[in-house]
Novice: 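Dropping a structure here in structure tokens format, bear with me for questions.
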2 protein chains.
Amino acid sequence: MIGKVAQRRETKVATIVAAAWDLARANGIGGLSLHSLARAVGMRQPSLYEYFDSKHALYDEMFADGNRQLLARLDALTLSPDPRAALKTYMRTFVDFALEDPARCALLFQRPIPGFEPSAESYAYAARALDGAVDRLHAAGIEDPSDVDCCIALVGGLIEAQMSNEPNGDRWTRHLDRLIDMYVDNFSKSQLSPAKSSRRKRQ
Amino acid sequence: MIGKVAQRRETKVATIVAAAWDLARANGIGGLSLHSLARAVGMRQPSLYEYFDSKHALYDEMFADGNRQLLARLDALTLSPDPRAALKTYMRTFVDFALEDPARCALLFQRPIPGFEPSAESYAYAARALDGAVDRLHAAGIEDPSDVDCCIALVGGLIEAQMSNEPNGDRWTRHLDRLIDMYVDNFSKSQLSPAKSSRRKRQ
DNA sequence: GTCTATACATCGATAGAC
DNA sequence: GTCTATCGATGTATAGAC
């Protein structure tokens, strides 16, 4: 059981982290300052040190929080029994999540803060989300680690291109399903899904 | 004809830009300060304003310079008459260029400096390099603009994954040729290259 | 064209009163 | 637990002497 004091503290930390995301959305993840964050939650800047040992500790909390948001989204999915369809849904969820908040995307999937590395505890959340993608790829017959790497990189490429060039459009991301089809058709070992065309052998 | 004074000035600007790249490599593109840059070329910080109106103007000069480096590399290529081989060589050159200097890659291909947008003159260099890639894709039979977009995004995804996770390795980039083969096999309209397998029709 | 000096702002972090 | 006050560092940019 958690004491009321500790619980109140947790709530306050959550409030601060939520406000930090608001500011990051407005000014970029790198433009987040403790001064403005404190004012946003009705405090002065030094008071934040009651809740975070340093700015990096705040970033770490945000990193964990963002990944928990992603996991919640992924865990809530009802995936098709068809592995290929499940893979598409999983990846689409990933893409949508990444694009709906550039600042969050930057903190979670890039290294935008010099000197900041997530703690092992926080990184574990990120690893879980990635493991889910690997599982869906395996189920769809993508078993070679290289093929897994490349498929995830391909999805990352779509996200990056979309966000850099047209943050609110779908010029790149609308091709996600088609590219997954191509990829699975070419590299799936088991062909669990109905193949509508022949596939190309690995050399 | 350019006067000696203007020429000397150009040389000095080039020296400063070269030193700026050195510092960016050492401290990150965002960690570049005018103070340290000035000291690196034997000046004091205010003197730099004789050559650049602002820090953004310096970034713009670096942006143009980096893209000129890339264009020089691409223009020096002797491309195979086989369009598919030419495409691979072009993209490989692009990938190698991006990976050999993360700071340069960040300035040229991402938006790492809040508020900095390259000028139209500087951006024209970048556009030329990208146009070359589009031409090579067209020659290889990738004509649909969507397919062109996706292939470039795919290459970008390999670069991003490689640089984020393993800057000096080739876990992702070694699959460049194989992915290009897959892509051309699936999406080429003209099949100029010998196709070793059937291809998948677009829906 | 380069310098010294400085204005002016922002930031993270700490000390210590309450 | 929150505050005021402040330290110390860094940063861009400008004024004005030489």
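All chains are named by letter (A, B, ...) in the order of the sequence lines, taking the proteins before the strands, and each is independently numbered beginning at 1.
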Novice: Counting heavy atoms from C-beta on, name the nucleotide in dT14(C), dT2(D), dT12(D) closest to the side chain of L34(B).
Specialist: dT12(D)

Novice: To the nearest 0.5 Å, what is the distance between OH on Y123(B) and CG on N67(B)?
Specialist: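 Rounded to the nearest 0.5 Å, the OH-CG separation comes out at 9.0 Å.
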
Novice: With a non-hydrogen cut-off below 4.0 angstrom, is G42(A) in contact with a base, only sugar-phosphate, or nothing?
Specialist: sugar-phosphate

Novice: Within the 3.5 Å criterion, strictly below it, is a donor on W21(A) or D101(A) matched to an acceptor on the partner's side chain?
Specialist: no

Novice: Output the rounded distance in Å from CG (L48(B)) to C1' (dT2(C)).
Specialist: 11 Å

Novice: Do the charged groups of D149(B) and R174(A) touch, with an N to O distance under 4.0 Å?
Specialist: no

Novice: Quick one: H35(B) NE2 to dT4(C) P, roughly how many Å, whole number?
Specialist: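 About 10 Å, once rounded to whole Å.
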
Novice: How many Å lie between CZ on F52(B) and P on dA13(D), as a whole number?
Specialist: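 In whole Å, dA13(D) P lies 13 Å from F52(B) CZ.
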
Novice: Considering just the side-chain nitrogens and oxygens of S47(B), establish if one lies under 4.0 Å of OP1 or OP2 belonging to dC3(C).
Specialist: yes

Novice: So does S33(A) get a side-chain nitrogen or oxygen closer than 4.0 Å to the phosphate oxygens (OP1/OP2) of dC11(C)?
Specialist: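 Yes, S33(A) has a side-chain N/O under 4.0 Å of OP1/OP2 on dC11(C).
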
Novice: Atom CD of E50(B) and atom P of dA13(D): how far apart are they, to the nearest Å?
Specialist: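 The answer, rounded to whole Å, is 15 Å.
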
Novice: Any base atoms under 4.0 Å from L58(B), or only sugar-phosphate, or nothing? Heavy atoms, all strands.
Specialist: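 It contacts nothing in the nucleic acid.
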
Novice: Find the distance H56(B):NE2 to dA13(D):C1' and express it as a whole number of Å.
Specialist: 13 Å

Novice: Give a yes/no on whether any side-chain N or O of Y49(A) is located under 4.0 angstrom from OP1 or OP2 of dA15(C).
Specialist: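 For Y49(A), the contact criterion (side-chain N or O under 4.0 Å from OP1 or OP2 of dA15(C)) is not met.
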
Novice: So, D75(B) and R68(B), do they make that salt bridge, N to O below 4.0 Å?
Specialist: no

Novice: Can you name the nearest heavy-atom pair linking G66(B) to L108(B), along with the distance?
Specialist: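 Heavy-atom minimum between the residues: C-CD2, 3.5 Å.
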
Novice: Could you work out which one of dC3(D), dA13(C), dC3(C) sits closest to the side chain of S54(A)?
Specialist: dA13(C)

Novice: For K88(B), which of D181(B), D177(B), D82(B) qualifies under salt bridge (Lys or Arg N to Asp or Glu O under 4.0 Å)?
Specialist: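 Of all the options given, the one that passes is D181(B).
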
Novice: For K55(A) and dT10(C), give me the distance from atom NZ to atom P, rounded to whole Å.
Specialist: 14 Å

Novice: Heavy atom of residues 11-23 of chain B under 4.0 Å from DNA chain D: which residues?
Specialist: none

Novice: When you get a sec, tell me which of dA5(C), dT2(C), dT4(D) is the closest nucleotide to the side chain of M43(B)?
Specialist: dT2(C)

Novice: Is there a side-chain polar atom (N or O) of R9(B) under 4.0 Å from OP1 or OP2 of dG1(C)?
Specialist: yes

Novice: Report yes if the side chains of Y90(B) and I180(B) come closer than 4.5 Å at any heavy-atom pair, otherwise no.
Specialist: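 When only atoms from C-beta onward are counted, I180(B) and Y90(B) do not touch, as no gap falls below 4.5 Å.
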
Novice: Assess whether a salt bridge exists between D22(A) and R25(A), defined as any Lys/Arg side-chain N lying under 4.0 Å from an Asp/Glu carboxylate O.
Specialist: yes

Novice: Name the residue closer to the 5' end of DNA chain C, choosing between G31(A) and P46(A) according to the nucleotide with the nearest heavy atom.
Specialist: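 Final value for this comparison: G31(A).
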
Novice: Round to the nearest Å and state the distance from R39(A) atom CZ to dT2(D) atom C1'.
Specialist: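 It works out to 12 Å between those atoms.
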
Novice: Without decimals, in angstroms, what is the distance between R8(A) CZ and dG1(D) C1'?
Specialist: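 Value for this atom pair: 12 Å.
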
